[in-house]
Amino acid sequence: MYRINTNDFNLDHTLSCGQVFRWEKNDCWTGIVNGAIIRAKQEGAELIIDSSLDEKVIQDYFRLDDDMEKIYTSINRDEKIAPLLWKYRGLRLIRQDPWECLVSYICSKANNIPKIKNSIKHICECFGNEIETGYYTFPSPDVLAEVKPNEMKQQCRVGFRAPDILNIADMIVNHEFDLYGIKDLSYREGRKELMKIKGVGSKIADCVLLFAFDKLESFPVDTHIMQIMNRFYGENFKGPKSKKKEEIAEFAREYFGKYCGYAQEYLFLEDFG
DNA sequence: CTCCAGGCTTACG
DNA sequence: CGTAAGCATGGA
């Protein structure tokens with residue numbers, strides 16, 4: 001048990017804004033990171049951690065080294081977003097594991113948050129390791145590569161998404177796809193690579209780049225972001241419906257700049273929460 | 001019962 | 001090029 005001093009950090013906003021799916025809140029927040037359990041709560045500016053993981057891992061996971069003052073200044077472009085930066089102040093991006101992140105967002109296709117959480121929970125309970133009663137690790141690609149589509153479909157309730165998950169697990173195991181190598185690519189190159197995966201398009205690719213590969217210039221556009229971007233900046237998008245999402249993403253990258261991924265989180269929470 | 005939810009692929013004008 | 005059905009699943 002140890003304490004970490006923070007500033008511009010809000011644990012509740014960070015864990016309940018929809019970027020991660022496995023954390024649960026009771027008297028404290030409980031989650032599994034790097035195969036270990038973290039129990040966390042916040043008292044004022046202090047983050048109280050109960051975990052076998054050391055402070056450095058926590059710092060890295062919650063991105064506590066991000067200079068929020070600088071980031072807020074950078075993305076605070078107008079009177080539309082300014083109040084959101086105050087309202088949800090302390091919301092941080094989380095540095096997720098790429099594999100868990102990728103599978104999670106494949107599960108998010110044509111789905112809702114409770115069902116996404118449920119699917120991921122099933123995947124862990126069926127195929128992960130139980131590290132403490134009721135708490136499971138996220139299964140590695142090696143494990144999922146051995147699973148049959150119907151087995152996953154029936155046990156994890158992932159529906160038509162099962163073949164895509166198993167396919168990319170298999171490709172990673174056979175070195176046909178270098179997922180972890182994407183961290184060394186640029187945003188554009190990484191995006192192109194991720195979109196080669198069957199069942200992964202621009203939105204999922206952008207989520208993985210933002211949440212797992214440090215590409216803060218990524219701006220995932222889903223239905224919620226569509227809503228609020230149309231409401232706030234609609235006059236800037238004139239193209240046909242089919243190209244609108246890409247148009248919005250391009251606009252946002254230009255408009256909010258290199259930290260636009262952070263802007264995306266605050267905008268998302270405003271429409272989602 | 002029908003409709004829809006953090007999309008993507010494929011099929012058809 | 002452009003739009004739209006279909007894909008499983010469960011809750012409203």
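Here is the naming used below: chain letters follow the sequence lines, and residue numbers restart at 1 for every chain.
dA11(B) and dA8(C): their P atoms are spaced 15 Å apart (whole Å). Using C1' as the reference atom, dG11(C) and dC8(B) are 23 Å apart when rounded to the nearest Å. dT2(B) and dA5(C) are spaced 16 Å apart, taking the P atom of each and rounding to whole Å.
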(message) One pair to check against side chain to side chain donor-acceptor pair (under 3.5 Å): Asp66(A) and Tyr262(A). What are the steps and the verdict?
(response) CA-CA 11 Å; Asp66(A) 280 353; Tyr262(A) 260 105; 2.7 Å; yes
(request) Could you walk me through whether Glu246(A) and Lys241(A) pass salt bridge (charged side-chain N to carboxylate O under 4.0 Å, His left out), step by step? (result) CA-CA 10 Å; Glu246(A) 204 59 38; Lys241(A) 200 170 160 190; over 6 Å; no
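The existence of a salt bridge linking Arg22(A) and Glu125(A) is excluded, since no basic side-chain nitrogen approaches an acidic carboxylate oxygen closer than 4.0 Å. Looking at Arg63(A) and Asp214(A), a side-chain N of the basic residue comes within less than 4.0 Å of a carboxylate O on the acidic one, giving a salt bridge. Between Lys183(A) and Glu193(A) there is no salt bridge, since no side-chain nitrogen of the basic residue lies less than 4.0 Å from a carboxylate oxygen of the acidic one.
What separates CG of Asn118(A) from P of dA5(B) is a distance of 19 Å, to the nearest Å. The distance between atom CG of Asp271(A) and atom P of dA5(B), rounded to the nearest whole Å, is 11 Å. Straight-line distance from the CD1 atom of Ile116(A) to the C1' atom of dG7(B): 11 Å, rounded to whole Å. Atoms NZ (Lys244(A)) and C1' (dG7(B)) sit 18 Å apart, rounded to a whole Å.
A cation-pi geometry, defined here as NZ or CZ lying under 6.0 Å from the six-membered ring centre and within 45° of its normal, does not hold between Lys196(A) and Phe177(A).
Between Ile120(A) and Asn118(A), every side-chain heavy-atom pair lies at or beyond the 4.5 Å cut-off. Inter-residue side-chain proximity for Ile168(A) and Trp99(A) is flagged as met; some heavy-atom pair is nearer than 4.5 Å. Between Met229(A) and Val221(A) the shortest side-chain heavy-atom distance does not fall below 4.5 Å.
Residues Tyr61(A) and Gln96(A) have side chains that never bring a donor and an acceptor to within less than 3.5 angstrom of each other.
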Please table the atom pairs, donor to acceptor, closer than 3.5 Å between any side-chain atom in residues 247-259 of chain A and protein atoms at least two apart or in another chain.
residue: Glu247(A); atom: OE1; partner: Gly239(A); partner atom: N; Å: 3.1
residue: Glu247(A); atom: OE2; partner: Lys238(A); partner atom: N; Å: 3.0
residue: Glu247(A); atom: OE2; partner: Gly239(A); partner atom: N; Å: 3.3
residue: Glu250(A); atom: OE2; partner: Arg188(A); partner atom: NH1; Å: 3.3
residue: Glu250(A); atom: OE2; partner: Arg253(A); partner atom: NH2; Å: 3.1
residue: Arg253(A); atom: NH1; partner: Tyr187(A); partner atom: OH; Å: 2.8
residue: Tyr255(A); atom: OH; partner: Asp78(A); partner atom: OD2; Å: 2.5

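Of all heavy-atom pairs between Ser119(A) and Cys107(A), the closest is CB-SG, 4.3 Å.
Listed by chain and residue number, Asp164(A) satisfy the side chain to side chain donor-acceptor pair (under 3.5 Å) test with Lys109(A) (two or more places apart in sequence, or in another chain).
Where Cys207(A) and Ile197(A) each meet DNA chain B at their nearest nucleotide, the meeting point lying more 5' is that of Cys207(A).
Taking every heavy atom of residues 218-227 of chain A and every atom of DNA chain C, no pair lies under 4.0 Å. Of the residues in residues 100-112 of chain A, those placing a heavy atom less than 4.0 Å from an atom of DNA chain B are Tyr105(A), Ser108(A), Lys109(A), Ala110(A), Asn111(A), Asn112(A), in numerical order. Across residues 146-161 of chain A, Phe160(A) each have a non-hydrogen atom less than 4.0 Å from an atom of DNA chain B (numbered order).
The residue Ser119(A) sits apart from the nucleic acid: no heavy atom pair falls under 4.0 Å. Within 4.0 Å of Phe21(A), counting heavy atoms only, lies at least one base atom of the nucleic acid.
Note that the first and last nucleotides of DNA chain C, 5' to 3', having any atom under 4.0 angstrom from a heavy atom of chain A are dG2(C) to dG10(C).
Annotation: Lys244(A), atom NZ; neighbour count of heavy atoms from other residues, nucleotides and ligands within 6.0 Å is above 12.
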